[in-house]
Amino acid sequence: MTMQTTGYNFAYLDEQTKRMIRRAILKAIAIPGYQVPFASREMPMPYGWGTGGVQVTAAILGHSDVLKVIDQGSDDTTNAVSIRKFFGKVAGVATTTKTAEATIIQTRHRIPEAPLREDQTLVYQVPIPEPLRFLEPRETETRTMHALAEYGLMHVKLYEDIARHGHIATTYAYPVEVAGRYVTDPSPTPKFDNPKMDMCAALQLFGAGREKRIYAIPPYTPVRSLDFEDHPFAVQQFAEPCALCAARGVYLDEVILDDRGKRMFVCSDTDHCEERRAAGHHGAMLDTAPQAIAGTR
Amino acid sequence: MTDEPLLRARGLTKHYGERIGCADVSFDLYEGEVLAIVGESGSGKSTLLGLLANELPATAGEVLYRMRDGIVRDIASLSEPERRLLARTDWGYVRQDSREGLRMRVSAGANVGERLMALGERRYAGIRETALTWLDRVEIARNRIDDRPTDFSGGMRQRLQIARNLVTNPRLVFMDEPTSGLDVSVQARLLDLVRGLVADLGLAIVIVTHDLAVARLLSHRIVVMRRGRVVETGLTDQVLDDPRDAYSQLLVSSVLAA
């Protein structure tokens with residue numbers, strides 16, 4: 001491999017470490033939804049800022065890749081900007097904010113609205129990879145439960161939701177069953193995005209740095225959200241469209257505009273919103289919204 | 001019902017290194033029978049229960065259990081999935097410390113429904129209905145179904161444990177000092193409840209207790225243990241009213257008359 005940067009190996013991690021991570025990734029792809037332990041490294045950022053996702057990205061990044069990083073759907077938040085700059089510096093790869101142009105998309109909390117393609121890989125930053133942790137604190141026990149596919153406990157959590165709130169109130173990190181076998185935590189994405197994971201054309205990789213686990217959902221894998229027969233899985237509905245691009249059926253963020261109750265709902269996926277506005281879509285508040293929200297375009 | 005025993009213990013022995021947990025314990029247990037294991041602290045009662053419930057590996061001896069399909073199996077030969085399935089369907093285990101037997105962070109309803117969900121029940125209304133039925137049976141008010149066990153009294157927690165275990169209609173329930181730490185009137189209600197359930201459901205129970213009054217009220221037969229060995233077995237009345245063994249005599253005579 002030719003060195004293009006000095007002072008670092010390409011993409012920060014040394015080649016032996018990347019091989020170790022790639023082996024874990026291959027195993028994870030071979031057993032969809034299974035959490036593969038790996039020797040997570042110290043990264044130049046604190047745990048909780050995406051150390052797992054960064055290591056996965058570093059291990060799969062090639063010279064010709066185009067990297068996009070999003071945080072809560074946005075390309076311009078601190079975490080997204082710093083990780084994008086990090087790889088721009090230590091790997092010298094091209095970066096983008098456009099979903100369609102990216103080959104690798106590292107994400108925290110969202111799956112892009114635009115459908116993903118076979119030549120794209122989605123890398124999730126995962127804080128707690130174990131979906132059973134809420135009710136079973138013992139790691140030895142959760143591993144046994146995964147091994148024996150004993151997932152009754154997951155429904156205890158959903159039962160508890162309905163008993164307390166009248167409906168399944170889990171709105172993020174909503175547990176899914178991957179390929180009819182392993183119950184998996186989709187990371188703290190809103191459950192709105194769960195249906196996008198099902199039969200997704202792109203490879204989905206999950207990295208948890210602090211917990212030292214990697215798992216994967218290969219392309220075109222069935223992913224089912226757990227539910228009860230009489231309380232079926234359903235995603236959030238939004239009453240109004242995006243105030244900037246008038247999109248419906250997308251995930252919206254609520255933005256408080258002043259201290260007198262004025263608010264607006266805008267696309268969480270900033271790239272999707274900008275693409276739509278460029279294509280001529282016009283939301284109700286596009287002309288009146290503050291510059292910081294509407295952007296300069 | 002058949003005349004075959006439900007459970008047979010044969011020469012059960014457990015060594016903790018040099019020390020003896022229990023040694024050479026054998027007995028038969030039939031369906032619908034309540035067997036009390038009594039003895040002082042450290043006599044090996046809980047070790048024996050652990051061996052019977054397949055939670056401890058035996059140093060020697062075997063436990064034979066007649067499964068629902070009528071086939072007698074050595075429980076040590078069960079695979080891990082079989083062992084776990086047996087423990088949460090055909091068996092129950094009521095712990096001395098309710099915090100070990102219950103999930104303290106989820107509601108009473110979820111505690112009762114957990115076994116059903118583990119067996120694949122996916123209808124919320126059905127789980128809830130069954131949970132309510134069982135709360136009725138163990139005399140917990142219906143409107144406490146969404147409360148957590150942390151908000152329950154000691155006696156209610158033990159009753160909830162019983163409901164949680166019996167929801168799958170097990171044939172055998174292990175009880176480890178279920179009444180210890182409860183005051184006398186609550187103990188009496190719990191024992192009365194258990195007695196009613198045994199009569200209704202034809203449960204077999206192995207109950208470990210140091211309280212001879214509990215043994216007298218509940219059990220048909222008694223095993224008296226001392227220093228890991230069985231010193232006397234027999235019908236409850238017979239052992240308590242006319243103990244043969246010197247230690248049994250001491251144990252019976254040391255009960256304070258109220």
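In what follows, every heavy atom counts, from backbone to side chain, and hydrogens, waters and symmetry copies are set aside. Protein chains get the first letters and strands the later ones, always in sequence-line order, with residue 1 at the start of each.
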*List the steps and the verdict of side-chain hydrogen bond (donor to acceptor under 3.5 Å, both in side chains) for B:Tyr65 and B:Asn54.*
CA-CA 11 Å; B:Tyr65 183 73; B:Asn54 213 359; over 6 Å; no

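For the residue pair A:Tyr251/A:Glu113, the side-chain donor-acceptor check at 3.5 Å is not satisfied.
Interface remark: of the candidates A:His231, A:Arg164, A:Met154, A:Glu150, A:Glu150 forms the most heavy-atom pairs closer than 4.5 Å to chain B. Of the listed residues (B:Arg123, B:Glu114, B:Glu80, B:Arg105), the greatest number of heavy-atom pairs within a distance under 4.5 Å of chain A belongs to B:Arg123. In terms of non-hydrogen atom pairs under 4.5 Å with chain A, the most contact-rich of B:Ala125, B:Ala118, B:Pro81, B:Ala110 is B:Ala110. Of the listed residues A:Glu229, A:His155, A:Glu136, the one with more heavy-atom pairs under 4.5 angstrom with chain B than any other is A:His155.
Residue contact with chain B, scored on non-hydrogen atoms closer than 4.5 Å, is absent for A:Leu158. A:Leu148 touches chain B through its side chain: at least one heavy atom from C-beta onward sits under 4.5 Å away, while N, CA, C and O do not. Using a 4.5 Å cut-off between heavy atoms, B:Arg103 touches chain A through its side chain atoms alone. Neither the backbone nor the side chain of B:Leu119 has a heavy atom closer than 4.5 Å to any heavy atom of chain A.
Atom CD of A:Gln237 is surrounded by 12 or fewer heavy atoms from other residues, nucleotides or ligands within 6.0 Å.
The pair B:Arg84-A:Glu141 meets the salt-bridge criterion, since a charged nitrogen lies less than 4.0 angstrom from a carboxylate oxygen. Here A:Lys157 does not pair with A:Glu160 in a salt bridge; the nearest charged N to carboxylate O distance is not below 4.0 Å.
Under the side chain to side chain contact (heavy atoms under 4.5 Å, CB included) rule, B:Tyr124 has a single partner from A:Ile168, A:Ile162, A:Asp227, which is A:Ile162.
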